[in-house]
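Start at 1 and go down the list; that is how both ligands and their atoms are numbered. Numbers here are sequence positions counted from 1.
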Amino acid sequence: MRIRIVTLLLLLLVSSVVAAQTKIPAPADVLGFTPGDDRKLASWSQVVEYFQRLDQASDRLNFQTLGQTTMGQPFVMATISSPANLARLEEFKKIQDQLADPRKLGPPATRDRKAAELIRQGKTIVLITCGIHSTEVGSYLSSMLIAHRLASSTEPAIQKILDNTIILLVPSLNPDGVDIVKNWYDKTLGTPFEGTDPPELYHKYTGHDNNRDWYAFTQVETQLAVDKILNVWHPQIVHDIHQQGSFGSRLFLPPYMAPVEPNVPKEIVQGYTELGNWMAAQMRTQGFVGITTNSTYDAWTPARAYSHYHGGVRVLSETASAKIASPLTVKFDELRSREGYDPQKESPKFGPLWRGGEWKLSDITKYMTTAAFLLLDHAATNREQWLQQFYAIGKEAVRPRRPGELYGFLIENSNESAASLISILERGGVEVTVPKGGPNSKIAGPESPDTTRLVRMDQPYGAFAKALLEVQHYPNLRDATGHPIAPYDVTAHTLPLLMGVKVRPVKVPFRYSPERFQLTEKVINLDSGPQRSMPAIYHSNVPSQDEGWTKWILDSRKIPYGVLGDKELRAGVSVYKPSAGVTVKYYTILIPDQPARTLLEGYRPGSMPPELTGGLGPEGVKALRYFVETGGTLIFLNRASNFAIEQFKLPLRNVVAGLPRTDFYVPGSILGIELDTTNPIANGMPKETIAWAEDSPVFEVTNDPNASVPASNVQVIASYAVDKNPLLSGWLLGGDLIKGKAALVEVKMGKGRVILFGFRPQYRAQSLTTYPLFFNALSPR
Ligand SMILES: [Zn+2]
């Protein structure tokens, strides 16, 4: 009888365990559809609810809110591993911490032995990041499929992954954008505009540039990921899941094409090469087609690759897009070449061929989930190898530098920009110290005689500091026809130039003498000062990242501004007419960087709902001209300057307009310019400064008799030196063509003025050096 009761109890227990296992909710249980179903997107609250339900039901998953996004949504992460591993997370963090920084393992002679023991015990840490680009909807949907399989499967392959890895899964690096895209998609579903991109930035300030912030750390989402995930866990592998255009390969996997930024450790290059090639080979074996490696995407800018400087490989995957969640049919002959391969031809970098046909969301989620589980399989199977490689990177980083090698950098910490630069380095895990032997090795205050700071190279993230502090020499890459190969992003990231900070490299042997940098005579004032009236920012219906960055810069300094769209400007609202004694709302209107044609025409008719098409149009041009002629100030940034030259018939010519890249090319570089410091716009600036040039116009004053104002109305405020190579960092072709030409001009028109920047003075909130030009231009006169 007693035995029977025990058996009964056991049976009950077993059945309840089985019941608990079967109660792991599938995404469809919460969403009402399966991720990948056509025309179905989940809202951010549904995603969060699904992960909360998984957390309650599964002992393999912990779900946390790490903070709040720009628009106040929860920024979340799931930690997934075996229950035994989840109980020991603090232990594994400590192992990671010591392998990342071998100085913590004691005297050098004993480190390898101690590390071997830690490598035996540790797990491969894999961070999977989804959805930074919100129109690339496949990845945040796939995150739920990945989590569900990991939480529910009894397959031995999944057990192996759970035992050997700790998976940090971020369902979206940009939760705000999930709803921005879903709302627009649902609103246009069943209309001619189904599947179009939303007519607003999918991150309030940065849009697509949110994936260009991994060293400047300006946005809260970047800060949360760096502070609360990357710096806490030091993952060996970061799998960043993206989507590309619809008419190239079906999937890109690493290795990346050249160039690789020279401070990326060789172990990282080996790691992503081996892992990416292995994943591609496995997928081909399973019948997946249209896969490219070693093409399209380079590994140059740290703005997209934090982990490459922090001991972890970045495995970017880029799956072909459909039309948001709607299927798309692509014909084989519509497939177009990208850098490094032709999707109509098999090659060592591409294959097997995808023959075209329908491409839908479930194809995308299938490619994504397959790739993710292969990556996890590799991470689990080769656990020890991944940890050894990770330790090797840390060991090389902290070794004492030999005579003749770079010892470090001295930074003059005497202004606000220097403080910003140092805080960037510190957020990236870099130790910034007071050099030994100085008069006072305690932290020096502003009145201290010695404001010098030192960044040594023999520290775990010295390479991150070096990448940001030195000048970039971008290789002059040409294709078979001699045409320049475009960088995937920009070519320069030298923070001392961008931020206006004095930095000096020093070699071994280094003996510090408190020589004192010369204190900067003029401390740059980043505030715009008291305003008599607000400036207005032009809002384009075609999303403009530069507009977003501009708003961020003003918002983060609590500088008020108005916003004027096409509708208001076409209607001539807010035009300036002080003589009539009318109270005017705006004295200054700023037009952010956008192509001239986009400004004038906006979305083409028929491509978007009618209320969004048309751009500024002739009425908008007329209103802007009236605004200037009656006393207003109009500021045009970078490419927008071409709009002003054309529409206002200014006596100016863009000397690089229409030139082929072989003749002139500046794809995001730091150039040197000279200022007329007597002009109020250059107030507070030194004679020589920088310009962030990126597809930028370069001006020449003309004597065109058809111009609307005489050439004498043009005042050149900045120009490229007559006798110097303009390039300071990055890549420039045809520099001779711009010597002596203008980079910043002011043109008097009627009672007002037009200011044309031939560069981006507030580039991605990084070019603090030229902020005074930007703010001076914005200030009313
Ligand atoms: Zn993307």
A.B. asks: Could Asp489 and Arg304 be called an ion pair, given the rule that one side-chain N must be under 4.0 Å from one carboxylate O?
C.D. replies: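 No.
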A.B. asks: Where do Thr491 and Gly730 come nearest, in terms of heavy atoms and distance?
C.D. replies: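 Looking at all heavy atoms of both residues, the closest pair is OG1-CA, 3.3 Å.
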A.B. asks: List the residues meeting ring pair (Phe, Tyr, Trp, His ring centres under 6.0 Å) with Phe51, not counting sequence neighbours, and say none if there are none.
C.D. replies: Phe63
A.B. asks: Testing the basics here: between Met144 and Ala42, what is the closest heavy-atom pair and its distance to 0.1 Å?
C.D. replies: CE-CB, 4.2 Å
A.B. asks: Indicate whether any N or O donor in one side chain lies under 3.5 Å from an N or O acceptor in the other, for Gln472 and Thr494.
C.D. replies: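 There is such a pair (donor and acceptor under 3.5 Å, judged by atom type) between the side chains of Gln472 and Thr494.
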A.B. asks: May I ask you to decide if the ring planes of Phe390 and His234 are parallel, tilted or perpendicular, using 30° and 60° as cut-offs?
C.D. replies: tilted
A.B. asks: Could you please tell me which protein N, O or S atoms lie under 2.8 Å from the Zn ion (ligand 1)?
C.D. replies: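 Atoms qualifying: His133 ND1, Glu136 OE1, Glu136 OE2, His242 ND1.
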